[in-house]
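Each chain gets a letter, A, B and so on, in the order the sequences are listed, and its residues count up from 1.
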Protein chains: 4
Amino acid sequence: MSLDPRPRQRRKETRPQELLDAALELFVEKGFAATRSEEVARRAGVSKGTLYLYYPSKEELFKAVVRQKLSQLIAEGQDMVGSFGGSTSDLLRQLMHIWWERFGNTPAAGIHKVVIAEVRNFPELAQFYADEVITPADRLFSSTVERGIARGEFRALPVHDVATALMAPMIFLALHRHSFGACPVHGVEMDPMAVLNTQLDLVLRGLETRA
Amino acid sequence: MSLDPRPRQRRKETRPQELLDAALELFVEKGFAATRSEEVARRAGVSKGTLYLYYPSKEELFKAVVRQKLSQLIAEGQDMVGSFGGSTSDLLRQLMHIWWERFGNTPAAGIHKVVIAEVRNFPELAQFYADEVITPADRLFSSTVERGIARGEFRALPVHDVATALMAPMIFLALHRHSFGACPVHGVEMDPMAVLNTQLDLVLRGLETRA
Amino acid sequence: MSLDPRPRQRRKETRPQELLDAALELFVEKGFAATRSEEVARRAGVSKGTLYLYYPSKEELFKAVVRQKLSQLIAEGQDMVGSFGGSTSDLLRQLMHIWWERFGNTPAAGIHKVVIAEVRNFPELAQFYADEVITPADRLFSSTVERGIARGEFRALPVHDVATALMAPMIFLALHRHSFGACPVHGVEMDPMAVLNTQLDLVLRGLETRA
Amino acid sequence: MSLDPRPRQRRKETRPQELLDAALELFVEKGFAATRSEEVARRAGVSKGTLYLYYPSKEELFKAVVRQKLSQLIAEGQDMVGSFGGSTSDLLRQLMHIWWERFGNTPAAGIHKVVIAEVRNFPELAQFYADEVITPADRLFSSTVERGIARGEFRALPVHDVATALMAPMIFLALHRHSFGACPVHGVEMDPMAVLNTQLDLVLRGLETRA
DNA sequence: CATGAATGAGACTTCATTCAT
DNA sequence: TATGAATGAAGTCTCATTCAT
């Protein structure tokens, strides 16, 4: 009965990556609930059943995407902070550029949009994402601010609040990029790097201990 | 047999308001797609059919919520800016407090979360929301920054980027409040007013023309 | 878009009965797992969605069938035993005839087949059916045997074992009727009433205290 | 690299047996439709593909199980009846004990449960099982009853009905063992041998020609 | 002979919307 | 106006069977 014309390809090695890539794209595009597992499969070039061979549920697929696309990235950032030699202002500037290049400007950032929108409907994902992404990211920026204070470069302000204020615009821009930025809408254009530079200049001026 | 103490006549007039309130709550809680029209109706104390008597589709209901809950608010902010007498730093501080009290800290802010998450699935809502909310909000902050520059209080920086940098943390916090803030998740607590004050202090220090 | 030609019938009162009847037929015919909820609906003349309006899941539908078709029947049998005036041998004969007419020879008996076959796959149904049907049926026959012994009509044998021996052929025949009896198979015909009469004669002869 | 101590050659010959054993267990446990072919394979220690190498479909696998586990058994019973020397009452008692030990109390009896439950969904199996199991089993008991009548030990009752009445409780108990008996359910315990002895005593008393 | 990756029909259940009353 | 019964498209996940290796 099966007239399937194309040869079934057997590629256990590369399948997970292809599925993860397709899933990322679609989750970002449609959101978690609105992404149909069949479409993930089709976009990865396999059948519905194959997807479930690798990931037992849509929720697990999502977690796998988070792990591969986000967790890793943050760990790398943390490494950079540990080994950086220059001033903390420069470190923050560099952190921000890298962040934008490797995260804000890639599909990965769209995941955050999805999580923000749908955690309340999928409580299990909430703690997972908090542990896997939010807490580590927080630590990354907090430890950087602490470094600045410890080295006498920054004023002694509440570390966590400053860290949040630093991250906020980056996340805001990433969200924007994956919502309105992806729609053909007039009047909402913005230049992310310009905004980020402007805001970092402002904040650094505010942070630095005056001569 | 009718034990309902509320006179029937009075009800009719308040129906739309009750429906809008219920819809706002639920859209914020669940998102647009995940909100079931039946639950909106039930929470407003009417039947499913009645909801459709007032709003011909879920999408129209959503637009009505936006119009009533957001557009108005921004207009009021614009009025305040026009009539404010003090320094622009004080104006921004006041703007921020009011914004948090009347928007960031109310369900209304949750709507933004919903829009960010689902615009791409409901393209018609994109332009509507951009025109109705984003552009006016932008104008509100841009004009305030311009005022500061015009009065010599602020340095002459790119107005629009500064405005975005000012709004970003507020929006970030509002989104957070309606996503992780509403989940029983550990490790992601933050004090919005402290963050906002910290960030505004930093930015104002960076904005002000040095003596 | 809906071209539905037939007028939607609104019959909240009679729907549950129609659904229960259709469900009984199909469960008996196909078994629990193999019965598709859509077919239950179709056979009751409604759409798939309507079924779920009345019963929230296939499992609940099944329980409702059991309650309506079995539990009631056993209760009526119990009443009869309580008010019967004649000899216990006659009571058993009557019980058996009624049982066959009102249960063994009706679709209701097929339910037992289904339960026997599928309890192990649906553990929740096991206790439900044990409490709702098996235990009461046991009580019905045990109390009758006890009556015979108490009145000196029967020898003092282990009550519960005798009760089981009495029920066994009835149940066996009912199962047979709904499995092979419903298939066009040669060589397995049997006349239930003849078997039951033969077996009851044998057992009563064995039970009775010899003159 | 191969740590498998079993020589490969030996395996090949025992494969079918291992598959049949695994299939029996699972069919009894889950039923025919609910048994997944992959699990049969896994329990037999081979891959899914290998199963299909030996049996072209689940249905053929099932038939093979019936042939090996049931047909043989009945043939042996028939032999015993032919060569038995004592009274027919003793023969029946012995038959019953052997039946319970070698069939009722083994997984094989569970097959009958499966067939009863699912014949209607797999019509081809109906005639197969009738020819292979039901008719021979019937003959086994009928011929025994005939022997008793021919030797003047039993009253001249309808042979086939008596045979059915004799088998019924055994089958009933076997079914029970593999359904409720396998579930952790309260209130449905019974002692099979006690029931069988009780019923056989009753029936033999009824069968025997009074002195 | 043996493997296990791949397929896709099919099952249960949800929910926006309609419409008879 | 108001109700809520009814519809049916759509979505997640399962599993018998096939086939490239």
Query - Nearest-angstrom distance from the residue atom CG of D/Leu61 to P of F/dT17 - result: 10 Å
Query raised in the report: Does A/Thr50 make a side-chain N or O approach to OP1 or OP2 of E/dA5 shorter than 4.0 Å?
Result: no
Query raised in the report: When you check the phosphate oxygens OP1 and OP2 of E/dT3, does a side-chain N or O of D/Ser47 lie under 4.0 Å from one of them?
Result: yes
Query raised in the report: Quick one: does C/Phe62's side chain get under 4.5 Å of C/Val114's, heavy atoms only?
Result: yes
Report task. Can you tell me the distance, in whole Å, between the OH atom of D/Tyr55 and the P atom of F/dA16? Result -> 17 Å
Requested in this report: Please say whether more than 12 non-hydrogen atoms of neighbouring residues, nucleotides or ligands are located less than 6.0 Å from NZ in C/Lys30.
Outcome: no
Report summary line: Rounded to whole Å, CZ of C/Arg15 lies from P of F/dG4 at a distance of 17 Å
Query raised in the report: CZ of D/Phe122 versus C1' of F/dA16: gap in Å, rounded?
Result: 11 Å
Report task. Name the residue closer to the 5' end of DNA chain F, choosing between C/Leu51 and A/Phe32 according to the nucleotide with the nearest heavy atom. Result -> C/Leu51
Report task. Would you mind reading off the distance between B/Glu39 atom CD and E/dC15 atom P, rounded to a whole angstrom? Result -> 9 Å
Report task. Check the distance between E/dA9's P and C/Arg36's CZ and give it to me in whole angstrom. Result -> 15 Å
Query raised in the report: Is the closest side-chain heavy-atom distance between A/Val119 and A/Tyr129 below 4.5 Å?
Result: no
Requested in this report: For the residue pair C/Phe32 and C/Phe122, categorise the inter-ring angle as parallel (less than 30°), tilted (30 to 60°) or perpendicular (more than 60°).
Outcome: perpendicular
Requested in this report: Using both distances under 3.5 Å as the test, list the Watson-Crick or G-U wobble partner of F/dT7, or none.
Outcome: E/dA16
Requested in this report: Give a yes/no on whether any side-chain N or O of A/Lys58 is located under 4.0 angstrom from OP1 or OP2 of F/dT12.
Outcome: yes
Query raised in the report: Under a 4.5 Å cut-off applied to non-hydrogen side-chain atoms, are B/Val115 and B/Leu125 in contact?
Result: no
Requested in this report: Once you apply the 3.5 Å cut-off to both distances, tell me the Watson-Crick or G-U wobble partner of E/dT21, or none.
Outcome: F/dA2
**Report entry** First of B/Gly49 and B/Thr35 reached from the 5' end of DNA chain E, by closest nucleotide
**Finding:** B/Thr35
Query - Between F/dC19 (P) and A/Leu53 (CG): distance, integer Å - result: 17 Å
Query - Distance in angstrom units between C/Glu59 CD and E/dA11 C1', rounded - result: 15 Å
Query raised in the report: Closest to the C/Ser57 side chain: E/dA6, E/dT13, F/dC15?
Result: E/dT13
Query raised in the report: Reckon D/Arg42 has a side-chain N or O less than 4.0 Å from the OP1 or OP2 of E/dG4?
Result: no
**Report entry** Which residue lies more 5' along DNA chain F, comparing A/Glu38 with D/Tyr52 via nearest heavy atoms
**Finding:** A/Glu38
**Report entry** Phosphate OP1/OP2 of F/dA6 contacted by C/Tyr54 side-chain N/O (<4.0 Å)
**Finding:** yes
Requested in this report: When you get a sec, tell me which of E/dT17, E/dT13, E/dC15 is the closest nucleotide to the side chain of C/Lys48?
Outcome: E/dT13
